[in-house]
Amino acid sequence: MRRYGKHTDEDDIRVRPGRKGTRPRTNIRPAHEDAAEGMVLTVDRGRLTCLVDGRTVLAMKARELGRKAAVVGDRVAIVGDLTGKKDTLARIVRIEKRTSVLRRTADDDDPFERVVVANADQLAVVTALADPEPRPRLIDRCLVAAYDGGLTPLLVLTKSDLSPPDKLLELYGDLDIPYVVTSREELENGDAVGRVREQLDGKVTAFVGHSGVGKTTLVNALVPVDRRRLTGHVNAVTGRGRHTTTSALALPLGGDGWVIDTPGLRSFGLAHVDPSRVIKAFPDLEPGTEGCPRACSHDEPDCALDQWVAEGHADPARLYSLRRLLSTREHKEGD
């Protein structure tokens with residue numbers, strides 16, 4: 001056996017290359033300046049369908065993005081085969097900065113937030129006036145998520161032929177939220193489509209709602225026939241709808257605008273919501289928070305908003321609405 005002393009000749013030592021090779025590692029990544037711009041339409045088991053120059057292209061996330069995930073509505077940079085032909089696969093190498101995000105958690109105790117939709121301009125909260133019964137607590141939670149994520153809320157009330165909308169609209173009147181009321185007959189003959197479309201043209205709108213409220217039926221009435229999705233029915237025993245939409249999907253309106261249909265909701269966790277972001281949706285109340293203690297929940301004895309309203313700077317009903325929305329973070333939907 002050959003042995004080496006303390007003063008060996010380096011030329012006599014054989015260096016075995018590492019298992020990963022001898023190529024030096026670098027943190028420099030390609031800029032992909034020639035990448036094409038695309039929009040994520042849907043995500044299915046790690047494969048993303050994107051719209052690139054009017055073509056649908058199947059892509060996967062590049063390894064260099066790490067754990068950063070793209071969601072429906074994301075603007076992305078794509079390289080590789082962009083023909084959209086069968087059995088081709090492109091790569092998403094960059095996710096552009098988002099203008100808005102709709103987030104939710106599984107429940108209020110879950111610290112892991114999920115981004116449902118990116119870059120939507122508004123959130124259409126669809127609820128039936130009957131069959132199934134309205135769930136105001138769930139509506140409140142959706143509104144909080146919209147305000148927190150930078151989306152403008154829109155109320156869409158369906159099945160007005162079964163129950164009048166007055167009571168529910170009164171509950172949200174002080175929030176000044178735009179709304180559209182539809183009936184099943186109006187959806188069938190197309191009368192309601194025009195009223196809804198007026199609120200959607202030129203915008204990217206995410207649709208959310210409890211299962212069975214007619215959300216996907218409404219979306220189908222708005223989009224071209226070849227883009228329509230399957231619909232379900234409401235269980236007569238439980239009063240709950242069946243999930244027919246299992247993944248979010250962006251669909252063109254046929255004109256200027258997009259609708260994003262999302263799976264029916266059973267719950268909407270708000271563990272990620274910061275009250276300081278929700279207050280921004282109340283410009284008449286926000287200046288009054290300057291005197292609030294640090295990390296104020298805006299629903300405690302020394303909250304400065306009480307004095308702000310008492311001095312006549314804002315309507316007391318607006319403060320009540322804000323606190324009702326913020327309280328949804330403390331009480332689970334259905335409580």
Side-chain angles (χ1 to χ4, degrees), residues 102-110 114 116-117 122-149 151-184 187 196 205-219 231-246 248 260-273 278 281 320-335:
L102 176 64
R103 302 182 180 93
R104 65 182 289 255
T105 56
D107 55 53
D108 289 342
D109 299 322
D110 183 5
R114 298 160 179 82
V116 182
V117 172
Q122 62 183 355
L123 181 68
V125 184
V126 185
T127 187
L129 294 166
D131 189 32
E133 293 298 315
R135 298 168 65 179
R137 181 71 68 179
L138 182 59
I139 298 173
D140 287 352
R141 286 172 167 264
C142 293
L143 295 179
V144 169
Y147 293 138
D148 180 68
L151 290 79
T152 301
L154 168 69
L155 285 179
V156 180
L157 309 183
T158 63
K159 305 182 184 181
S160 62
D161 49 303
L162 301 181
S163 180
D166 303 15
K167 185 176 180 180
L168 193 62
L169 288 176
E170 182 179 356
L171 187 61
Y172 296 97
D174 293 318
L175 291 173
D176 296 325
I177 300 174
Y179 65 87
V180 181
V181 180
T182 70
S183 67
R184 291 182 294 186
L187 284 178
V196 177
T205 306
F207 277 67
V208 298
H210 182 250
S211 301
V213 299
K215 173 175 58 63
T216 300
T217 298
L218 177 59
V219 169
T231 58
H233 64 280
V234 177
N235 188 300
V237 176
T238 65
R240 293 183 174 184
R242 180 169 62 90
H243 287 298
T244 53
T245 300
T246 58
I260 301 177
D261 191 18
T262 64
L265 298 174
R266 292 285 168 82
S267 64
F268 206 113
L270 297 174
H272 61 285
V273 171
V278 179
Y320 170 78
S321 295
L322 169 67
R323 288 175 169 168
R324 190 188 79 219
L325 292 181
L326 291 176
S327 71
T328 64
R329 300 180 308 118
E330 308 298 332
H331 304 285
K332 293 184 179 180
E333 194 280 320
D335 288 355

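Remember, it's a predicted structure, so these values are computed and weren't measured experimentally.
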*Provide the closest heavy-atom pair for L325 versus Y147 in the form atom of the first, atom of the second, distance.*
CD1-CE1, 3.7 Å
*Could you tell me which residues satisfy side-chain contact (heavy atoms from CB on, under 4.5 Å) with R323, sequence neighbours excluded, listed by chain and number?*
D299, C303, L305, D306, L319
*asked:* For the CG atom of L138 and the OG1 atom of T328, what is their distance to the nearest 0.5 Å?
replied: 10.0 Å
*Which residues pass the side-chain contact (heavy atoms from CB on, under 4.5 Å) test with A128, sequence neighbours left out?*
P132, T158, K159, V213
Side chains of residues 164-175: which donor-acceptor partners sit under 3.5 Å, not counting sequence neighbours?
{"from": "Y172", "atom 1": "OH", "to": "P136", "atom 2": "O", "distance (Å)": "3.1"}
{"from": "Y172", "atom 1": "OH", "to": "D140", "atom 2": "OD1", "distance (Å)": "2.9"}

*CG/L270 to OG1/T105 distance, rounded to the nearest 0.5 angstrom?*
6.5 Å
_If I compare all heavy atoms of L154 with all of P178, which pair ends up nearest, and what's the gap?_
CD1-O, 3.4 Å
*Flag the pair C142 / R104 as yes when at least one side-chain heavy-atom distance between them is below 4.5 Å, and no otherwise.*
no
*Taking side chain as C-beta onward, heavy atoms only, is L187 less than 4.5 Å from L218?*
yes
*Is the shortest heavy-atom distance from the side chain of T127 to the side chain of H210 under 4.5 Å?*
no
*About how many Å separate CD1 of I177 and CG of L123, when rounded to the nearest 0.5 Å?*
10.0 Å
*Look only at the side chain of D161 and the backbone of R184, and say whether a donor-acceptor pair between them is shorter than 3.5 Å.*
yes
*Say you draw a straight line from CG of L326 to CZ of R324; how long is it, rounded to the nearest 0.5 Å?*
11.0 Å
_To check you understand the geometry: which heavy-atom pair defines the closest contact between R137 and S327, and what is its length?_
NH1-OG, 3.8 Å
*How close do T152 and Q122 get, heavy atom to heavy atom, and via which atoms?*
O-CB, 2.9 Å
*Using a 4.5 Å cut-off on heavy atoms from C-beta on, say whether the side chain of L322 contacts that of V278.*
yes
*Just by distance, do the side chain of S160 and the backbone of T182 share a donor-acceptor pair under 3.5 Å?*
yes
*asked:* Quick check for you: to the nearest 0.5 Å, what is the distance between R103 atom CZ and F268 atom CZ?
replied: 11.0 Å
